[in-house]
Each structure stands twice: as structure tokens, then as C-alpha cells.
There are 2 protein chains.
Amino acid sequence: MAQPDTKQRILDAAESLFARDGFHSTSLRAITGLARVNLAAVNYHFGSKEALIEAVFERRLLPLNEIRLKKLRQVGALAEQVGARPDPKEVLRAFIAPTLQFRDTCPGSHDFITLVGRALNEPDETVRTMFIERIRPVFLLLFDLLHQGLPELDRSLLFWRLQFALGAMGHVMCRAGRFQSLPDGIEPPRDTEALIGMFLDFVTAGMEAP
Amino acid sequence: MAQPDTKQRILDAAESLFARDGFHSTSLRAITGLARVNLAAVNYHFGSKEALIEAVFERRLLPLNEIRLKKLRQVGALAEQVGARPDPKEVLRAFIAPTLQFRDTCPGSHDFITLVGRALNEPDETVRTMFIERIRPVFLLLFDLLHQGLPELDRSLLFWRLQFALGAMGHVMCRAGRFQSLPDGIEPPRDTEALIGMFLDFVTAGMEAP
DNA sequence: GTCTATAGATTGATAGAC
DNA sequence: GTCTATCAATCTATAGAC
């Protein structure tokens, strides 16, 4: 391997450009140009553009899902120990905080969060389905714990409220750090923790609404 | 005009395909094929693909914005008459209800709502900017009335909560009626009014969160 | 206004030398 | 594994006949 990091370089460049321009608008030439590797390298290492998109998600989503599952299980276990229902806010935090923190904790994952937001609204059915498949176990556990925490809430209603929350979250992630000009007197969140706090207040209140 | 409705046919076809596949993935050939008009007709009638995208938004957004502005002003005027603050839920309803109802009330606008949701997360800066410019007046009035209704809430916090709400709304609109398979035991909203009610409960609680 | 034909650029993918 | 060269398909846009 003359360039042992060719695959990494391609993944980094693809992640960055997919986040900025979307999947379909980003050409392999743009990716290999930014990564400073040969055009043919993408098909050699990944097989196709579609497979590259999958690989970009795979690289970050596997560790992120591990963290989210772990945190969610902790919240569930803690509630069981005390014999209480899981606190909806803590359940939501276990899902949301690692996701939004990911850009700080995982080196080079800055653009990935934008990408996740983008995948949720992706027109291309195959890309969106691929993404949703990978999230499903986390979503199911999240839904289950929220249902335990809010047992009086109709399951269908809970499901739709969770869809609203995920939509809001996708938008936040997609546009995070990309508000070019804010209106007069509007302050951006101090840091990620401040954003998480703001978002959790909003979404918890929404989920617990009468 | 041998085919007096050529422009309309193109607009209808473009609206439908943009909603299904996104702006960049929809070719002029697909549009003119569906509209059963000649390929060159798009450039003759609209000048360019970019201008066609604008025209698609223009056609629906002008009347929709009129309705939303009227309703918002009504809520503001009513509150002023009674000498009370505008009720946040009614303010939000004045913005949200006409938007979600639009697919029922405006003939042929079924796909447009999906399109609005799509525009919010559009990677292409020019498309998103074009869209945001056109709803700015509505957004400003909405923000102002909410600020009157929740004067104790920091303006920056209000702004970000409103962003969360718009993100959730975009997601709802984008995916409305496009959930191919729901999980077991999950019921879709009975009708648009039921969806509006669910969404308003969620979003009002989020905006009013402590 | 509608059509055919085509320019001119860009795309994903691959064959084959090294 | 990396490179050059290129294919075949696609795209937007336009020129010019009718």
C-alpha cells in the first residue's frame, strides 16, 4: 500500500462533500479531487458510489449506535433498579446527547452529523432506507423506553410525536453551524451542551404534552 | 396557443417529480415526458430549470402566504381588541393549519407540501435561499406574535425553539402520506385536522416549555 | 409555439498498462 | 494499488426548420 490511507482519505472527502452538497450533487471527481487520489480508486476500494455512501455511514454509525444503545440501556436499568418509570427526559437525553456530541468527541466527524440530518429527508429511497435500517434497533429501544415512561400516552400518538422530534432533530443537525447570518439580536447556542439543553427542553415538553 | 395549458402541465409535472425525487435528480426530460410536451418547451416558457423551480414555488406560495398572513393578522388583531396577549397555540395554528390544509383546499397541491418540506433541507444554497426569501415576511410576523405571546421568553431561545418547530414541520410535510409501512399497531392520523391537532399540541408545549 | 437535432459538458464506471 | 484513457449514458440548453 503506497498510500495506506487512501480509503480513509476518500471517506473523509466524501463525508465532507456529501454534507455540503448532498449525495447526488457530489461527483466522484469532486471526491477524488479533494482526497487527492485517483478517480479509479473509488471503484477499486468501494465498488460503486452507492457502496461508498454506505461505507461513509457505516464508519460513524456503528460506534455512534453503540454509544446510544449503551446509554439507553443504562437509563432503563437505572429505572428498573429504583422501581420507577424511566424519566422521558433522560431517555431522550440518552439518544440525543451522544448524537449531537458526536462532532466534538469523534475526531473528524464534524460533517457526519449534517449527513445524518440529510439522510432523514433524502429523496433517494435506497439511501434513506439504508440509513433507517441501521438506526432501527436504536429507534425501537428509544420508543420502548419512552412508552414505559409515558404509559398513559397512546402508542400511535407517541409514535407520531417521536416522528416530530426526529424531524426537529434532523433539521438541527443538518443546519447546525451552518446558519450563515442570524437575525439581529439572536445569539447562537454557547456550545453543544447549551444546544442539547435547549433542544431537550423543547422536545421533552412536546412528548409530555397533554 | 395550440396547447394553452402547456405551462400548467409543465408546472404540474415538475411539482410532482420534484416532490418525489428532489430537484437535482429530476431531469427536464422526465418533466416534459410526464407533461407530454416537448423538451424545448421548458426553456421556451421558463428560460431555465432554475427558473422553473422558482415558478413552481411561486404558483403556490403566493396564495398560501396570503392566507397565512391574513390568519396571523387576525390572531394579532383579536388579541389587541381583548387587550390580551396573543395565545401561542392560536398563533402557531394560524401558521401551521393553512399550510397542512393546503393539500386539501388547493386543487392539485398535494405534492407541493412535500416540496416545501424538501426545500427547508435542500443542499443547494440558491434553492433554499430562494424559498426562505419568499416566506420571510410570514416568518417575521409569526416570530413577532409569538414574542408578544411569550414575552418572558428570551428572544434567542424563542428563535431556536421556532427553528426546532419548523424542522419538525418540514419533516412532517415532507413525509406526510409517504410512510409506506407503519410499525405494528401504529395508526396514521385520521385526517389532516387530526394531524394538525397532534402537531399543534406537540409544538405548543415545546415552545412554552419552562 | 412546437418540433427535431445537436452542441457541449459532466457523469459513473471500466479496461488495461505499469 | 495506482494510473491513463476512454466508453456510454446522461444532462441542460439552444439553434433553426416549420
Side-chain angles (χ1 to χ4, degrees), chain A residues 1-59 115 118-119 122-128 130, chain B residues 1-59 115 118-119 122-128 130:
Chain A
M1 294 202 281
Q3 234 109 25
D5 50 351
T6 294
K7 278 186 86 162
Q8 297 293 331
R9 304 255 297 273
I10 293 173
L11 286 171
D12 290 341
E15 186 172 71
S16 164
L17 291 176
F18 285 156
R20 201 190 61 188
D21 302 328
F23 302 103
H24 193 267
S25 299
T26 300
S27 69
L28 295 185
R29 281 168 177 80
I31 294 169
T32 55
L34 181 60
R36 282 181 300 171
V37 302
N38 188 269
L39 169 62
V42 169
N43 277 286
Y44 176 78
H45 285 287
F46 298 95
S48 71
K49 184 181 181 179
E50 191 81 15
L52 171 61
I53 297 177
E54 281 205 43
V56 167
F57 278 105
E58 193 91 25
R59 174 171 68 151
L115 219 59
R118 184 140 295 162
E122 173 61 34
D124 187 335
E125 203 75 24
T126 70
V127 172
R128 204 180 57 253
M130 184 269 294
Chain B
M1 294 202 278
Q3 235 109 26
D5 49 353
T6 294
K7 279 185 85 162
Q8 297 294 330
R9 304 255 297 272
I10 292 174
L11 286 171
D12 289 341
E15 185 172 72
S16 164
L17 291 175
F18 287 156
R20 201 190 62 188
D21 302 328
F23 303 102
H24 193 267
S25 299
T26 300
S27 69
L28 295 185
R29 279 171 178 78
I31 294 168
T32 54
L34 180 60
R36 284 182 299 173
V37 302
N38 188 269
L39 170 61
V42 169
N43 278 287
Y44 176 78
H45 286 286
F46 298 95
S48 71
K49 184 181 182 178
E50 192 79 15
L52 171 61
I53 297 177
E54 282 204 44
V56 167
F57 277 105
E58 192 92 25
R59 175 171 67 152
L115 218 60
R118 183 141 295 163
E122 172 61 34
D124 185 335
E125 203 75 25
T126 69
V127 172
R128 204 181 57 254
M130 184 267 295

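Every value quoted in this text rests on a predicted model; they were computed, and no experiment measured them. Letters go in sequence order (proteins before strands), and every chain restarts at 1.
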Contact under 4.0 Å: B:T6 side-chain N or O vs C:dG1 OP1/OP2: no

With a 4.5 Å cut-off on side-chain heavy atoms, are B:K7 and B:R59 touching? no

Could you pull out all residues at least two apart from B:R20 that satisfy salt bridge (Lys or Arg N to Asp or Glu O under 4.0 Å)? none

How would you summarise protein contacts on nucleotides 12-18 of chain C per nucleotide, using B for base, S for sugar-phosphate only and - for none, with heavy-atom distances below 4.0 Å? BBB----

Round to a whole Å and report the spacing from CZ of B:F46 to P of D:dT14. 16 Å

Decide, yes or no, whether a salt bridge links A:R118 with A:D21 under the criterion of side-chain N to carboxylate O below 4.0 Å. no

Value in whole Å for how far the C1' atom of D:dC11 lies from CG of B:L52: 15 Å

Kindly compute the distance separating NE2 (B:H24) from CG (B:D124), expressed to the nearest 0.5 Å. 8.0 Å

According to the interplanar angle, ranging from 0 to 90°, do the rings of B:F18 and B:F23 count as parallel (below 30°), tilted (30 to 60°) or perpendicular (above 60°)? tilted

Just N and O in the side chain of B:N38: are any of them under 4.0 Å from OP1 or OP2 of C:dG1? no

Please answer whether the main-chain N or O of A:G22 pairs with a side-chain N or O of A:T26 as donor and acceptor at a distance below 3.5 Å. yes

